[in-house]
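One is the number of the first residue; the rest follow in order along the sequence. Everything numeric here is computed off the predicted structure, so don't read it as measured data.
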Amino acid sequence: MMGNYQDLESKTFLVTGASSGIGRAIAIALSRQKAKVYITGRSSERLDETLRSFEGEGVVIPADLTVAEEREHLVDSLPALDGVCHCAGIINPFPIRYVDQAQLDKIFDINGAAPMLLTSRLLGKKKIRDDGALVFISSVASERGMKGGSLYSASKAALEAFSRSITLEHSAKRIRSNCLKPALVRTPLYEQAKDHATAAGSLENYEAYETRYPLGIGTPEDVASAALFLLSSASRWITGTSLVLDGGLTASI
């Protein structure tokens with residue numbers, strides 16, 4: 001059950017990566033608060049699927065955020081925003097010994113450069129209203145090592161550092177910037193990973209890892225609830241921080 005944040009009603013937000021998973025859940029949650037939600041992602045078809053689940057006003061603007069011209073078109077198509085939630089990202093795990101320039105560029109372009117450059121253009125073109133809120137989807141992996149996840153972890157750590165700098169540079173306009181750090185969430189990526197574990201004969205190890213979550217594996221709606229809080233005035237005195245959402249996974253670390 002989502003909280004009721006009445007001040008979100010009639011406000012305008014952008015959600016990236018809204019075609020599936022966490023981004024989709026956040027966009028739908030905002031629509032249920034009667035906000036106007038602009039959604040973007042690479043697949044027009046999947047964005048339209050998200051839009052059909054809305055309970056309020058929504059606008060689809062397809063864009064590949066790693067392409068400068070498409071980012072610029074997105075920014076120019078947007079009105080002034082009360083908040084942005086950056087959800088687009090990939091994991092693409094592989095061992096460190098196989099890291100090369102192409103792999104590094106791919107993960108950092110999508111997870112780091114795209115949201116950073118989009119935010120720069122939004123701020124530069126004064127598309128973020130005073131008292132606006134920025135939310136970046138990071139991960140508990142930003143501070144916890146994970147096999148095969150070196151570049152993913154590094155890209156999310158960079159995103160958190162970027163968010164903290166926004167806090168310092170734009171506090172005069174009371175623009176807040178925070179990160180959400182979810183652990184394992186039941187998204188399509190989670191289901192794909194579980195299928196791969198089954199095919200590789202390691203499902204037992206995968207399920208053993210799931211038992212380390214005292215409150216179980218999270219859902220996209222769990223993350224959406226936290227995003228609504230950070231986008232609303234209920235978090236007006238919270239900025240420059242990162243909120244861990246992990247069902248208790250890291251409580252004993």
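Between Lys34 and Ser10, the side chains place no donor N or O within less than 3.5 Å of an acceptor N or O (distance only, hydrogens not considered). At a cut-off of 3.5 Å, with distance as the only test, a side-chain donor of Ser53 or Arg24 sits close to an acceptor on the other residue.
Rounding to the nearest 0.5 angstrom, the gap separating the CD1 atom in Ile39 from the CG atom in Leu30 is 11.0 Å. With rounding to the nearest 0.5 Å, the separation of CZ in Arg71 from OG in Ser120 is 9.0 Å. In this structure, CD1 on Ile28 lies 9.0 Å from CD on Glu55, to the nearest 0.5 angstrom. Atom CZ of residue Arg212 and atom CG of residue Asp246 lie 10.5 Å apart, to the nearest 0.5 angstrom. Rounding to the nearest 0.5 Å places CG of Leu228 at 11.0 Å from CD of Glu221. Here OG1 of Thr119 is found 5.0 Å from CD1 of Ile166. Values are rounded to the nearest 0.5 Å.
Listed here is the closest heavy atom pair of Thr50 and Ala27: CG2-CB, 4.3 Å.
When atom types are taken as modelled, the side chain of Ser138 and the backbone of Glu160 share no donor-acceptor pair closer than 3.5 angstrom. Between the side chain of Asp82 and the main chain of Phe13, no donor-acceptor pair closer than 3.5 Å is present. Between the side chain of Asn178 and the main chain of Ile238, a donor-acceptor pair closer than 3.5 Å is present. Proximity of a side-chain donor or acceptor of Thr187 to a complementary backbone N or O of Gly21 within less than 3.5 Å is not detected. Using a distance-only test at 3.5 Å, with no hydrogens or angles considered, a donor-acceptor pair links the side chain of Gln33 to the main chain of Tyr5. Proximity of a side-chain donor or acceptor of Ser43 to a complementary backbone N or O of Arg46 within less than 3.5 Å is detected. For Thr239 (side chain) and Arg176 (main-chain N/O), no donor-acceptor pair under 3.5 Å exists by modelled atom type. The backbone N or O of Leu184 sits less than 3.5 Å from a side-chain atom of Tyr213, completing a donor-acceptor pair. A donor-acceptor distance shorter than 3.5 angstrom exists from the side chain of Ser235 to the backbone of Ser232, with no hydrogens or angles considered.
Annotation: side chain of Val75 is in contact with side chain of Lys127 (closest heavy-atom distance under 4.5 Å). Here the side chains of Leu74 and Leu65 are in contact, with some heavy-atom distance below 4.5 Å. When side chains are defined from C-beta on, Phe94 does not count as touching Asp100, because their heavy atoms never get closer than 4.5 Å. Within the 4.5 Å cutoff, side-chain heavy atoms of Pro115 are placed close to those of Leu159. Between Asn92 and Gln103 the shortest side-chain heavy-atom distance falls below 4.5 Å. Contact annotation: the side chain of Lys36 approaches that of Val59 to within less than 4.5 Å [non-hydrogen atoms, C-beta and beyond]. The shortest distance between side-chain heavy atoms of Val99 and Leu151 falls below 4.5 Å. Pro79 has its side chain within reach of Thr12: a pair of non-hydrogen atoms, C-beta onward, lies under 4.5 Å apart.
Each side chain to side chain donor-acceptor pair (under 3.5 Å) pair with one or both residues in residues 105-118, not counting sequence neighbours, appears once here: Gln101-Asp105, Asn111-Ser155.
Between Glu169 and Arg164, none of the side-chain N atoms (NZ, or NE/NH1/NH2) sits under 4.0 Å from a carboxylate O, so this pair counts as no salt bridge. Using a cutoff of 4.0 Å between basic side-chain nitrogens and carboxylate oxygens, Asp48 and Arg52 are not scored as salt-bridged. No salt bridge links Asp130 with Arg174; every basic N to acidic carboxylate O contact stays at or beyond 4.0 Å.
Within 6.0 Å of CZ on Arg42 lie no more than 12 heavy atoms contributed by other residues, nucleotides or ligands. By the neighbour-count criterion of 12 heavy atoms within 6.0 Å, atom CG of Leu168 is densely surrounded, having more than that number from other residues, nucleotides or ligands.
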Problem - Working for side-chain contact (heavy atoms from CB on, under 4.5 Å), residues Glu57 and Val37 - result: CA-CA 6 Å; Glu57 187 176 359; Val37 189; over 6 Å; no

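The side-chain contact (heavy atoms from CB on, under 4.5 Å) test with Cys87 is passed by exactly one of Thr40, Leu180, Ile137: Ile137. Here the options are Ser139, Ser142, Ser242, the test is side-chain hydrogen bond (donor to acceptor under 3.5 Å, both in side chains), and the partner is Lys181; only Ser142 passes.
In terms of hydrophobic clustering, with Ile, Leu, Val, Met, Phe, Trp and Tyr side chains grouped at heavy-atom distances under 4.5 Å, Met116 and Val135 are assigned to different clusters. Phe229 and Leu134 sit in two unconnected hydrophobic clusters of ILVMFWY residues. Membership requires side-chain heavy atoms under 4.5 Å apart, directly or through other members. With hydrophobic clusters built from ILVMFWY side chains whose heavy atoms lie under 4.5 angstrom apart, Val15 shares a cluster with Ile22.
Residues satisfying the ring pair (Phe, Tyr, Trp, His ring centres under 6.0 Å) test with Phe136, not counting sequence neighbours, are His86.
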